[in-house]
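A quick write-up on the structure given underneath.
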2 protein chains.
Amino acid sequence: MKSYIENINKAFESRIRLGIMSILMVNDWVDFATVKEMLDITDGNLASHITALEKLEYVEVRKQFVGKKPNTTYAATSAGKKSFVDHLNALESIIKKTT
Amino acid sequence: MKSYIENINKAFESRIRLGIMSILMVNDWVDFATVKEMLDITDGNLASHITALEKLEYVEVRKQFVGKKPNTTYAATSAGKKSFVDHLNALESIIKKTT
DNA sequence: AAAAGTACTTTGTATTGCAAAGTTAAAATT
DNA sequence: AATTTTAACTTTGCAATACAAAGTACTTTT
């Protein structure tokens, strides 16, 4: 028997990627430092999780200059948003069954 | 800034442990074979996740004989239930912020 | 010239996840 | 009596993460 658990997306099992996605669901083009600060994680950790989400095409990366400084911002792709919503729905059905 | 993400319980990040706990939230004393079948995982995988949850005192293990056969059953402890509810609440607040 | 900011990449270690195979002991089947 | 099955693990082995810390490169501010 396959359960509703199979609708859980492995890409979002990690606390940090859950955080990244929920930030990017409600804000487009959030910059590196902001995400890092919001999640209270190291540079390298954020960079690697972003890379993982980018490879899955769940997150898009934009690089530009603000004044003279480099600036990297992130946004969720529509595929990313859809997958994340699916994941949250799977969680929601667990919550409903459980509480 | 620490976000609501910090209320996510590392113990429940795994899809399988999420499954185990949601089964044990609504049923007490579910046996090994039933949980295994519900989650469609191998013996060893279930055993190791159960051990992890047991070490955290989120799950209690009862061993008895049914007729002449050994029978292992699991139930969530009250601490386990509480922690799981907290975790689900954290997820729920993400869902609410997000959708 | 030195320090600090931006956004990484690399390194190294530790942990985890999981399937598959091995184990143990009793029970059921042949 | 011998073999097979059931139940519930434990062990093994490998691959994949996770994460902090340190290193990098280039720029800008002091």
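Note that the structure is a prediction, hence the values are computed from the model and not measured. Every chain is numbered from 1, with letters handed out A, B, ... down the list of sequences.
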Tell me whether B:Arg62 is salt-bridged to B:Asp28, with the criterion being a basic N under 4.0 Å from an acidic carboxylate O.
no
Identify whether any heavy atom of B:Ile16 sits under 4.0 Å from a base atom; if not, whether one sits that close to sugar-phosphate; answer base, sugar-phosphate or nothing.
sugar-phosphate
Interatomic distance, A:Arg17 CZ vs D:dT17 C1' [rounded to whole Å]:
8 Å
I'd like to know if the side chain of B:Ser83 and the backbone of B:Gly80 have a donor-acceptor N/O pair within less than 3.5 Å.
no
Could you give the CD-to-C1' distance, from A:Glu13 to D:dT17, as a whole number of Å?
12 Å
Rounded to the nearest 0.5 Å, the CG atom of B:Leu46 sits from the CD1 atom of B:Ile16 at a distance of 8.5 Å
Atom-to-atom span, NZ of A:Lys36 to P of D:dA21 - whole angstrom:
12 Å
Quick one: ring-ring contact (aromatic ring centres under 6.0 Å, His included) pairs with a partner in residues 71-90 of chain A, sequence neighbours left out?
A:Phe12-A:Phe84, A:Phe12-A:His87
Taking only residues at least two apart or on different chains, which pairs with a member in residues 29-54 of chain A satisfy ring-ring contact (aromatic ring centres under 6.0 Å, His included)?
none
Of residues 43-57 of chain A, the positions that come close to DNA chain C - non-hydrogen atoms, cut-off under 4.0 Å:
A:Asp43, A:Gly44, A:Ala47
Quick one: list whatever passes side chain to side chain donor-acceptor pair (under 3.5 Å) with A:Asp43, sequence neighbours left out.
A:Lys36
Would you give the length of the straight line joining atom CG of B:Asn45 to atom OG of B:Ser14, rounded to the nearest 0.5 angstrom?
8.0 Å
Going 5' to 3' on DNA chain C, which nucleotide is the first and which the last to come under 4.0 Å of a heavy atom in chain B?
C:dG17 to C:dA27
Please determine whether side-chain contact (heavy atoms from CB on, under 4.5 Å) holds for the pair B:Lys81 and B:Leu24, giving the CA-CA distance in whole Å, both sets of side-chain angles, and the decisive distance to 0.1 Å.
CA-CA 9 Å; B:Lys81 286 179 181 176; B:Leu24 298 184; over 6 Å; no
DNA chain C contacts made by residues 63-77 of chain A, counting heavy atoms under 4.0 Å
A:Lys63, A:Pro70, A:Asn71, A:Thr72, A:Tyr74
Report yes or no: does A:Glu57 contribute a side-chain atom to a donor-acceptor pair with the main-chain N or O of A:Thr77 at less than 3.5 Å?
no
Between B:Asp40 and B:Arg15, is there a salt bridge with N-O shorter than 4.0 Å?
no
Whole-Å distance, B:Glu37 CD to D:dA7 P, equals 11 Å
Check against side-chain contact (heavy atoms from CB on, under 4.5 Å), B:Ile8 and B:Ile94:
CA-CA 10 Å; B:Ile8 299 289; B:Ile94 290 172; 4.1 Å; yes
